[in-house]
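Throughout, a chain's letter reflects where its sequence line sits, starting with A, and its residues are numbered from 1.
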There are 2 protein chains.
Amino acid sequence: MTRDNRLFKAQVNRLLTLIEDQGEAALGSEAGLAASLEASRTTVRAVLSHLHDQGVIAWDGRDKRLLRAPEPGDFFDTDQTRSTQDLIRDRFLEWVLQGDVAPGTVLNETRLARQFDLPLAGLREFLIRFEPFGLIEKQPNRHWLLKGFTPDFAAEMFEVRRLFETRALTRLIAEPDPALTQRLTGLRADHLAVTAGGRRAALEFPALDARFHALLCDGARNRFVSDFSRTISIIVHYHYLWTKKDEADRNRHAAAEHLAIIDAILAGDAQAAQDALARHLDTAWHTLSTSVDWQARGQV
Amino acid sequence: MTRDNRLFKAQVNRLLTLIEDQGEAALGSEAGLAASLEASRTTVRAVLSHLHDQGVIAWDGRDKRLLRAPEPGDFFDTDQTRSTQDLIRDRFLEWVLQGDVAPGTVLNETRLARQFDLPLAGLREFLIRFEPFGLIEKQPNRHWLLKGFTPDFAAEMFEVRRLFETRALTRLIAEPDPALTQRLTGLRADHLAVTAGGRRAALEFPALDARFHALLCDGARNRFVSDFSRTISIIVHYHYLWTKKDEADRNRHAAAEHLAIIDAILAGDAQAAQDALARHLDTAWHTLSTSVDWQARGQV
DNA sequence: GTTCGGTTCTTTTTATATAAAGAACCATAA
DNA sequence: TTATGGTTCTTTATATAAAAAGAACCGAAC
């Protein structure tokens, strides 16, 4: 096979879920299904044909009927339905950020593709897209080089974060946006749940952290700021893999700092919000830099 | 042929130039040539072999002799020696930023590659690398979309520029770097030449402008800031293609503003430098935004 | 006359093959 | 013993082919 049908498999799963939820009502027109599944009619028809062959539905032109309820065996495995780019990003970042790979390592495209068992072309695409993040560098006609998550890199990344988030906060308060305020209210509730909850709740913090900073950056209403926030959230997300020490405590503390910022924003108090943000960024930087120092020592 | 030998051709030209400059002295050991030409020995040997076949040199093992002076016909055409990425960038940006292409246009990879007469794989690489600049967007499984240089895009880009350059200037003055100061002194002299010179000198300003802002951003000593400056300089550079109106006057004025900033930096006067920078960015934004408005009107 | 589905055509994604460029090995000359 | 060059092997860059996914056309059903 020259191209894998991940989208097809993903849509099979989505349609089966729709059927589980709504029964036969899920089987509308082909165009309608294409719209709700967010794929082309061609793919939808392939899905319908597949489910027909599997005996889940009867399909003859406009006539679509449900023959039996979907069974677990009808679904494709999650690994087969995620996009290649997603899979590559996950496997690559996990591989790099776990810290087994020393800075200066030469990356061989073919070998990496084999190692991750993912298409070479997709891997190249990922590497190219990932290069501006600064972790890797392409040597034309030669190879890719892993530059590593050095203390300098972390410091520079964080400096930009501080610049962007400070600016975003200013605008968020000066020119409030109803949609953002609503998102912020929802986020506030989720934060309260984490600070009030026990150890388990505190461990859900990383996702919340990413959402908080993304929202803050969106406040700048600037695509470059939002894009950067996505970059940094990837790095920070994988960074959480390293430092499990005092994790629950640290997360509860950070959640409290987030809440202080959120409350100040909702109250429209610019000064208090900026102060709270500055405090939070100091804490976050401290957490990150101590971990990076440890990381750098481990690698040298 | 499955891969073009641009590097080989480029090195043929480089070696011929070396021979023109230094005569037979240019023909050192293979390893030495590889070092000075910045390519592998394999490529150097291919070059030597080629020049041997062309009768320019005699080559037998360690024995290398110059037979005749290089002639214009020995050189390869410049278009054949530039890297594909360079060529693609130039042709694509020229095509897009000339303004013939309306925002919302669907970009077809194959057609573009044919249109530019450049490899498809290289074009894809360029598009992927160029996407974060915000001008184009990939619709997975579908196509690329040209989003266009809209007023919003320009405004957001400029906001980040202001943020970064202000920050860079602060650091440049607070923690002076001898290397940067030296570059700044050289730049000052070049600016003086432009402001003193006539129309012709003023037209050399774009390159100077790029150098000035790149130096300023380097002052932040932050790879993200420096990278962004490269992005913006590409956009601004091609932007100069549009607005020829009052060009010489405008350039002289901008050069004078640069000089005010440079002098304030060299004097270590942070406040004056920031004020001058703010003024210059206002001017630059005014120039850019009026041109973008014109551009947007022309496209709607 | 609008919606729907059968069909065909186009475009992206991926695998494979091949030439260019790089890297390393090793014998030989200085 | 070291620098140099002949040789071989590896890896990247590109072309080509084929399958998946998208887009469009058009007649039939409502």
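- Side-chain contact of A/S229 with A/S226: a donor-acceptor pair under 3.5 Å is absent, judged by distance alone.
- Within the structure, every side-chain polar atom (N or O) of B/T84 is placed at least 4.0 Å from both OP1 and OP2 of D/dA13.
- Annotation: of the two residues near DNA chain D, B/L118 and B/G32, the 5′-most nearest-nucleotide partner is B/G32.
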Side chain to side chain contact (heavy atoms under 4.5 Å, CB included) assessment of B/T84 paired with B/D4: CA-CA 9 Å; B/T84 19; B/D4 53 16; 4.3 Å; yes
How does protein contact run along nucleotides 21-30 of chain D, one letter per nucleotide 5' to 3', with B for base contact, S for sugar-phosphate only, - for none, heavy atoms under 4.0 Å? SBBB---BS-
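- Rounded to an integer number of Å, the gap from B/Q85 CD to D/dT12 P is 16 Å.
- Heavy atoms of B/R124 sit under 4.0 angstrom from at least one base atom.
- Summarising the geometry, atom CD belonging to B/Q11 is positioned 11.5 Å from atom CG belonging to B/L51; distances are rounded to the nearest 0.5 Å.
- Here A/L33 lies out of heavy-atom contact (under 4.0 Å) with every strand.
- Defined by atom type and a distance below 3.5 Å, a donor-acceptor pair is missing between the side-chain atoms of A/W144 and A/Q139.
- Atom-to-atom, CG of A/L123 to C1' of D/dA13 comes out at 15 Å; the value is rounded to the nearest Å.
- Remark: P of C/dA24 and CG of A/N108 are 13 Å apart, rounded to the nearest angstrom.
- Closest contact between the side chain of B/R45 and the listed nucleotides C/dG6, D/dG5, D/dA13 involves D/dG5.
- Of the side-chain N and O atoms in B/K64, one or more sit less than 4.0 angstrom from OP1 or OP2 of D/dG5.
- A/L120 places its CG atom 8 Å from the P atom of D/dT12, with the value rounded to the nearest Å.
- Taking only side-chain atoms of A/W59, from C-beta outward, the nucleotide of C/dT13, C/dG6, D/dA13 with the closest atom is C/dG6.
- With sequence neighbours excluded, the residues forming a side-chain hydrogen bond (donor to acceptor under 3.5 Å, both in side chains) with A/D74 are A/R68, listed by chain and number.
- Each of B/R111 and A/P119 has a nearest nucleotide on DNA chain C; the 5'-most of these lies closest to B/R111.
- Applying the side-chain hydrogen bond (donor to acceptor under 3.5 Å, both in side chains) test to A/E137 and every residue at least two apart in sequence or in another chain returns A/K147.
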